[in-house]
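Computed from a predicted structure; not experimentally measured.
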Amino acid sequence: PEPPQLALNFLNATGDLETVAKLIHLAVAPIFLLTAVSTTLTVLINRLARIVDRGRAIELRESPDPSSHRGELALLERRARLIYRAMTLGVMAAIMVCLLMSFAFLGELLSTNPARALAVLFVAALLCYTGALMFLLREVFLAVGSFRLGMHLPPPRPRRPTPVEK
């Protein structure tokens, strides 16, 4: 009985060091993209955690008029939704990069030409990552737009000289 064709292809493909080295070399660019996506996901997770912490702090704050914080809570909710969308696109990009690398190796093992699928996955991953960055940028614009660094405080009153200074 003959061994299955897949097993033969696997032995031939893994036995050819030059082919495997070429595949690993081709996987380097997607790995850089995967590193960028994972770093961006870390940033997004940290931003979301800060938004949630700020929202909880506002909700716990005692105020005579609870509706006075409604605007800030609505803005935090909007920012959180933008981060969530960015995270979704970032994770989709990461999954596509992983599939891309898997298909590249499987194409060689199965003696098929996955070039078109690889190109589509790479472009789709880049588009998802671009979308994630755009959502992140929009969230940053909202965060900076709502930040006033003490400008909402009344100006300090002039200090009166003490009798010793006169």
Side-chain angles (χ1 to χ4, degrees), residues 4-60 69-149 151-152:
Q5 187 63 31
L6 177 62
L8 280 177
N9 286 343
F10 180 76
L11 290 174
N12 290 338
T14 56
D16 185 3
L17 183 60
E18 195 173 305
T19 303
V20 174
K22 182 180 80 171
L23 285 171
I24 291 171
H25 181 72
L26 290 174
V28 170
I31 287 173
F32 283 127
L33 178 58
L34 190 59
T35 302
V37 169
S38 64
T39 302
T40 304
L41 286 173
T42 301
V43 169
L44 294 171
I45 289 167
N46 288 332
R47 290 190 72 81
L48 184 61
R50 302 261 325 197
I51 291 168
V52 169
D53 290 345
R54 176 73 180 142
R56 286 183 181 153
I58 291 171
E59 288 175 340
L60 292 175
H69 302 301
R70 189 171 291 143
E72 188 174 359
L73 287 171
L75 178 66
L76 290 173
E77 183 179 348
R78 188 171 172 202
R79 288 177 54 201
R81 272 189 267 120
L82 288 169
I83 292 295
Y84 177 74
R85 289 177 185 147
M87 288 174 64
T88 301
L89 287 173
V91 169
M92 287 174 55
I95 290 170
M96 287 181 207
V97 171
C98 290
L99 287 173
L100 181 147
M101 291 186 294
S102 298
F103 287 172
F105 280 94
L106 284 174
E108 185 62 35
L109 293 176
L110 301 174
S111 298
T112 61
N113 184 4
R116 185 164 295 176
L118 296 179
V120 168
L121 279 172
F122 190 72
V123 170
L126 285 175
L127 290 173
C128 284
Y129 186 53
T130 301
L133 292 175
M134 290 171 69
F135 279 120
L136 173 61
L137 186 61
R138 180 66 185 129
E139 187 274 332
V140 168
F141 286 161
L142 284 177
V144 171
S146 67
F147 183 68
R148 295 186 302 218
L149 193 60
M151 293 182 167
H152 62 285

Where is the tightest heavy-atom contact between [X] and [Y], given as atom of each residue plus distance?
| X | Y | answer |
| --- | --- | --- |
| Ala86 | Phe135 | CB-CB, 3.6 Å |
| Pro30 | Val97 | O-CG1, 3.2 Å |
| Met96 | Ala125 | SD-N, 3.6 Å |
| Gly90 | Ala132 | N-CB, 3.8 Å |

Pairwise distance [atom1]([X]) to [atom2]([Y]) - rounded to 0.5 angstrom:
| X | Y | atom1 | atom2 | value |
| --- | --- | --- | --- | --- |
| Ile31 | Cys98 | CD1 | SG | 9.5 Å |
| Asn46 | Leu41 | CG | CG | 11.0 Å |
| Arg79 | Arg50 | CZ | CZ | 9.0 Å |
| Leu99 | Leu118 | CG | CG | 10.5 Å |
| Leu73 | Arg70 | CG | CZ | 9.0 Å |
| Leu33 | Tyr129 | CG | OH | 7.5 Å |

Show your reasoning for whether side chain to side chain contact (heavy atoms under 4.5 Å, CB included) applies to Met92 and Thr88.
CA-CA 6 Å; Met92 287 174 55; Thr88 301; 4.2 Å; yes
Dump the intermediate steps for side chain to side chain contact (heavy atoms under 4.5 Å, CB included) on Leu76 and Ile58, then the final yes or no.
CA-CA 10 Å; Leu76 290 173; Ile58 291 171; 3.8 Å; yes
From the list Leu133, Leu89, Val37, Val123, side chain to side chain contact (heavy atoms under 4.5 Å, CB included) partner of Cys128 resolves to Leu89
Please lay out, stage by stage, how Arg138 and Arg78 fare under the test side chain to side chain contact (heavy atoms under 4.5 Å, CB included).
CA-CA 10 Å; Arg138 180 66 185 129; Arg78 188 171 172 202; 3.1 Å; yes
For Arg47 and Val43: C-alpha separation, side-chain torsions, deciding distance, then whether side chain to side chain contact (heavy atoms under 4.5 Å, CB included) applies.
CA-CA 6 Å; Arg47 290 190 72 81; Val43 169; 4.2 Å; yes
Crowded around Arg56 CZ? As in, over 12 foreign heavy atoms under 6.0 Å?
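For Arg56, atom CZ is not crowded (no more than 12 foreign heavy atoms under 6.0 Å).
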